[in-house]
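Along the sequence shown, the residues carry numbers beginning at 1. Keep in mind that this is a model prediction, so the values were computed, not measured.
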Amino acid sequence: MNTTRWCLVFGTGAACGFLALSPLANAQGAAKSYRIAVLNQGNPPTNEVPGADFRQGLRDWGYVEGRNVEVDFRYAAGSVDRLPELAGELGRMMVDVIVTVGDAAAVAAKRATTSIPIVATEFGSDPVKAGFISSLGRPEGNVTGLFSISEELWQKRL
């Protein structure tokens, strides 16, 4: 499984975790429909349905598009200058969670909202040093995600 696919699967699980922790029923007992946004600094895939793995992960967790979840994808097509505009759009849409792909997308989402949970995938730098979170043990704020590069292991990897 390539890194991008693995990160999207992780992001799906994390997004579903956020949704599972939120109140699932209101006083009337009607099921809530959630809106998930994926903000990607790259290009949309040309040979498959955008987010096919992400959507499959949602189905595996019991979320079905059109019934209890809606997914909105935004691609910057490699133009990081577009990310603030796209992130602001997602913030105004009041989605339930934003999943970001890449550091620049995470930065744009964090600047666009302090209230919508952000699941950042593919951190390319230390999220504490980059200012995404206050610490790995207690990230605080509205950003969480996966960081797999350990500076302590760099010398051993070389």
Side-chain angles (χ1 to χ4, degrees), residues 1 3-42 44 49-76 80 82-150:
M1 184 178 291
T3 303
T4 301
R5 179 170 282 173
W6 189 87
C7 286
L8 285 176
V9 170
F10 167 79
T12 301
C16 290
F18 271 117
L19 298 178
L21 292 175
S22 66
L24 295 179
N26 59 25
Q28 292 79 23
K32 177 172 173 28
S33 181
Y34 297 96
R35 290 187 79 180
I36 299 173
V38 179
L39 181 60
N40 191 322
Q41 65 193 39
V49 175
D53 293 329
F54 188 82
R55 287 181 163 107
Q56 181 59 51
L58 287 171
R59 284 190 296 276
D60 292 347
W61 282 79
Y63 293 95
V64 178
E65 279 190 270
R67 186 171 59 187
N68 57 1
V69 70
E70 296 299 325
V71 183
D72 292 298
F73 286 85
R74 298 292 188 274
Y75 292 92
V80 294
R82 291 195 60 223
L83 288 169
E85 173 191 340
L86 296 171
E89 180 182 320
L90 296 174
R92 288 186 298 277
M93 291 172 53
M94 297 302 297
V95 297
D96 293 295
V97 64
I98 299 172
V99 177
T100 64
V101 181
D103 280 358
V107 168
K110 184 176 182 189
R111 288 182 181 158
T113 181
T114 58
S115 59
I116 298 172
I118 299 167
V119 178
T121 65
E122 295 188 25
F123 276 123
S125 59
D126 182 330
V128 176
K129 288 181 182 176
F132 291 116
I133 58 173
S134 55
S135 76
L136 292 174
R138 295 186 159 267
E140 299 178 354
N142 64 324
V143 180
T144 191
L146 176 66
F147 172 64
S148 63
I149 301 173
S150 174

Could you report the tightest heavy-atom contact between Met94 and Ile116, atom names first, then the distance? CA-CD1, 4.3 Å

Going from CZ on Phe73 to CZ on Arg55, what distance comes out if it is rounded to the nearest 0.5 angstrom? 4.5 Å

Taking all atoms of both residues into account, what is the closest heavy-atom pair of Val128 and Ser134, and its distance? CG1-O, 3.7 Å

Can you check whether Gly88's main-chain N or O pairs, donor with acceptor, with Arg92's side chain at less than 3.5 Å? yes

Kindly indicate, with the supporting measurements, whether the criterion side-chain contact (heavy atoms from CB on, under 4.5 Å) is fulfilled by Ile36 and Tyr63. CA-CA 11 Å; Ile36 299 173; Tyr63 293 95; over 6 Å; no

From Ile98 CD1 over to Asp72 CG, what is the distance, rounded to the nearest 0.5 angstrom? 10.5 Å

Looking at Arg82 and Tyr75, would you say the former's side chain and the latter's main chain have a donor-acceptor pair under 3.5 Å? yes

Examine distances only and state if a side-chain atom of Asn40 and a backbone atom of Arg74 form a donor-acceptor pair shorter than 3.5 Å. no

List the atom of Leu83, the atom of Ala76, and the distance in Å for their closest heavy-atom pair. CD2-CB, 3.6 Å

Expected output: side-chain Glu70 to main-chain Arg35 donor-acceptor under 3.5 Å: no

How close do Asp96 and Tyr34 get, heavy atom to heavy atom, and via which atoms? OD2-CA, 3.2 Å

So does Ile118 get a backbone contact from the side chain of Asn142, meaning a donor-acceptor N/O pair under 3.5 Å? no

Distance-minimising heavy-atom pair for Thr121 and Thr100: OG1-O, 2.7 Å

Can you tell me how far apart CE (Met93) and OG1 (Thr113) are? Round to the nearest 0.5 Å. 13.0 Å

Looking only at non-hydrogen atoms, find the nearest pair between Ala87 and Ala108 and report the distance. CB-O, 3.5 Å

Tell me whether Gln41 contacts the main-chain N or O of Ala105 through its side chain, where contact means a donor paired with an acceptor under 3.5 Å. yes

In the structure I gave you, are the side-chain heavy atoms of Val64 and Val69 within less than 4.5 Å of one another anywhere? no

